[in-house]
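Just below is one structure, and these are the notes that go with it.
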Amino acid sequence: MKHIKINSGAAVLLTSLLLAGLTSCTKNFESYDTNPSYLTSSQTIAILPTAFGPLEQSIYSNYQTAQNLSADGFSGYMMSPNPFKSSYDLNYGLVDGWDRNGFVDQYNLVMAPVSKIAAAGTPTQRPDYWAVALLIQVEAMDRVTDRFGPIPYSKAGSSITSVPYDSQQSVYNQFFLQIDTAIANLKAYIQAHPGQKPLGTNDLVYKGDYTEWLKFANSLRLRLAMRLVKIDAATAQAQAEKAMADPDGLLSAPGDDALVAQSGGRNNDIWTVAASYGDCRMNAALLTYMTGYHDPRLPMYATPATTSAVAAAAPGGYEGIRIGALVDKSVYGVYASPNTTTTFTQTASQYFMTAAEMWFLKAEAALRGWAGAGDVQTDYEQGINTSFQQWKVSAGTYVSNTTDTALAYTDPNNAGNNDTALTKITIAWDNGASDETKLERIITQKWIAMFPDGQEAWSDYRRTGYPRLFPVVNNTSGGTIDTKTQIRRLAYPQTEYTTNGAAVNSAVQTLLGGPDNGGTRLWWDVNKGNF
């Protein structure tokens, strides 16, 4: 295992100046040493476009430890064949040095630069740039709050001594307000400068196309809105309907998908952990669903096991590893892997939001009777079809399949890992089913379509309980995380207790709602029914 470096290249000039002297994740951004000859307002604005690529790539900073060895496994997508330690995140023995990256990096590599961008006068001088910066910040920081819960947000960078935490409710409210600002700024710029793309190729997501950033902004609002449905149904519905009513639309076709191109020598993160390091293989949960459903997308997602004995244990050789299994790289390294040959290649761009996800969000909104969502069955089927279009695979009769279900799991190297099939849910829409069954069907297909974004899939699982996932085989949490309930969050890094101790202790006592461990539910993760 290695830490994956952040992109350098042309944009390193500005970002190195913006990031100079970083030592603590939430302390005073303005106190960092900088070179004043480059940080005058006019000069910063002039070279500002070069900062956006590194900001976008920082969404997945230190991917292996920040996401792959945690959320990608918790979501049922992937599992490591490398045990690393006897107790680590994938068997619920949380490793502080790993999880810290999923907290610290977004402050150091996103919020600190965005603060410098603001200090240069960008919100008034280039409100269009500010809009994109805000959307990147919300996308990045949502991943932090959904890993940990309450976080420093409104006051991050304001003090060199103690930075208070915001409740997760407050953080989400700020997200919605920042999306409001971004949308207003982008609409104003497009109206005044139709067709112009001032960020150009410095923007590694949409190449400066603000009409696509508007769709992304609405889609981000819809995603965040649905997260709140069990804790604050009124806000969830209001924000979702606002997103769906905007005439500039949502991501609706694969050409709208948000994915970050590689540049400056950076490699695709999945290629790095799976092909280069050999530390990532497919999770048994996803493969038992996809093989059971005879899913034509499976060869795009994964490559089969590389030995005949293991390959014989699953249809097509797609044998995955159960989360928390006692693994040995020499044994489990031959199990099915993410497809790094033709899909997640060394230079492949990385998804962080897709149009397919939006159709499934609309399907759930329609199921809940929200305005502007359309017809639930139409949205559901469009979600499936859009995913197949994304992966350039023919859906055939997949959408109308009424019989196929997930398979049981058999591990040819350890029968103790075997388990029965997770669910009997089928693919084809059934108007006569209960709302709960309809939701399970929607989220199950949404989960398959969102691969490989384990962070978002883990959030959906915690919110809805779907898809049904295999519990961890070996739980080394010492009783802090319930095997059946599964992990709900990550613990705050120890550096917060040493550098921001008063604030983090106050947050745990007054905002978190439980002890600082992986068994405590987040604010929006309410232990009640979906309807």
Side-chain angles (χ1 to χ4, degrees), residues 63-64 67-69 71-82 90 259 268-323 325 327 329 331-346 348-351 354 356 384 387-388 390-396 398 404 406-413 417 422 427 444-454 456-458 467 469-470:
Y63 167 78
Q64 183 175 32
Q67 177 166 319
N68 188 249
L69 291 171
D72 287 349
F74 305 155
S75 65
Y77 280 164
M78 304 179 215
M79 173 62 191
S80 180
N82 188 344
L90 294 174
L259 60 167
N268 178 280
D269 289 323
I270 294 176
W271 177 88
T272 300
V273 297
S276 181
Y277 301 167
D279 286 344
C280 176
R281 294 295 179 260
M282 297 296 290
N283 193 297
L286 182 64
L287 293 190
T288 55
Y289 276 90
M290 294 189 79
T291 53
Y293 289 151
H294 298 92
D295 195 316
R297 291 167 292 187
L298 184 50
M300 297 298 293
Y301 287 14
T303 52
T306 56
T307 65
S308 57
V310 174
Y318 291 104
E319 176 73 3
I321 309 172
R322 270 194 66 181
I323 185 172
V327 292
K329 200 168 182 178
V331 175
Y332 286 90
V334 302
Y335 281 48
S337 171
N339 181 349
T340 57
T341 304
T342 60
T343 303
F344 307 108
T345 61
Q346 185 172 0
S349 300
Q350 293 181 228
Y351 288 93
T354 66
I384 295 173
S387 177
F388 275 87
Q390 174 189 335
W391 297 106
K392 298 180 173 58
V393 174
S394 172
Y398 183 89
D404 286 349
L407 301 180
Y409 175 69
T410 302
D411 186 343
N413 285 298
N417 296 332
L422 287 162
I427 301 166
T444 299
Q445 290 301 319
K446 180 185 179 186
W447 171 70
I448 295 172
M450 287 196 303
F451 180 83
D453 189 356
E456 188 58 28
W458 181 36
L469 299 175
F470 292 120

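What you are looking at is a predicted structure, and each value in this text was computed from that prediction instead of being measured.
- Counting heavy atoms from C-beta outward, Cys280 and Pro338 have side chains that approach closer than 4.5 Å.
- Applying the side-chain contact (heavy atoms from CB on, under 4.5 Å) rule to Ser387 yields the partners Arg297, Tyr301, Ala356, Trp391, Ala449; only residues at least two apart in sequence or on another chain are considered.
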- Message: Set out, in order, the CA-CA distance, both residues' side-chain angles and the distance that settles side chain to side chain contact (heavy atoms under 4.5 Å, CB included) for Val334 and Glu319, then state yes or no.
- Response: CA-CA 9 Å; Val334 302; Glu319 176 73 3; over 6 Å; no
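- Aromatic ring pairs are classed by plane angle as parallel below 30°, tilted from 30° to 60° and perpendicular above 60°; the pair Trp447 and Tyr77 is parallel.
- Checked options Asn268, Leu259, Ile270; the residue passing with Gln350 is Asn268 (criterion: side chain to side chain contact (heavy atoms under 4.5 Å, CB included)).
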- Query: Given Gln64 and Tyr277, is the side chain to side chain contact (heavy atoms under 4.5 Å, CB included) satisfied, shown in steps?
  - Reply: CA-CA 10 Å; Gln64 183 175 32; Tyr277 301 167; 3.4 Å; yes
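- In this structure, the separation between CG on Leu286 and OG on Ser75 is 8.5 Å, given to the nearest 0.5 Å.
- Atom CG of Leu90 sits about 5.0 Å away from atom CE of Met79, to the nearest 0.5 Å.
- Of the inter-residue distances, the one linking Leu469 atom CG with Arg322 atom CZ reads 10.5 Å to the nearest 0.5 angstrom.
- The minimum heavy-atom distance linking Ala274 with Thr340 is given by the pair CB-CG2, 3.9 Å.
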- Is there a side chain to side chain contact (heavy atoms under 4.5 Å, CB included) between Glu456 and Tyr351 once you walk through the steps? CA-CA 11 Å; Glu456 188 58 28; Tyr351 288 93; over 6 Å; no
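- Leu287 contributes atom CG, which lies 6.0 Å from atom CG of Leu298 (distance to the nearest 0.5 angstrom).
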- Could you walk me through whether Gln67 and Asp269 pass the side chain to side chain contact (heavy atoms under 4.5 Å, CB included) check? CA-CA 10 Å; Gln67 177 166 319; Asp269 289 323; over 6 Å; no
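- Of the inter-residue distances, the one linking Tyr398 atom OH with Asp295 atom CG reads 4.0 Å to the nearest 0.5 angstrom.
- Partners of Asp411 according to the side chain to side chain donor-acceptor pair (under 3.5 Å) rule, which considers only residues two or more places apart in sequence or in another chain, are Tyr332, Tyr335, Asn417.
- Checked by atom type, the side-chain pair Gln445/Tyr293 shows no donor-acceptor distance below 3.5 Å.
- Side-chain contact between Lys329 and Asp279 is present, with heavy atoms from C-beta onward closer than 4.5 Å.
- Residues meeting the side-chain contact (heavy atoms from CB on, under 4.5 Å) test with Leu407, sequence neighbours left out: Thr291, Pro315.
- Checked by atom type, the side-chain pair Asp72/Tyr63 shows a donor-acceptor distance below 3.5 Å.
- Atom CZ in Arg281 sits 12.0 Å away from atom CE in Met78 (nearest 0.5 Å).
- Between Ala325 and Ile321, the closest heavy-atom pair is CB-CG2, 4.2 Å.
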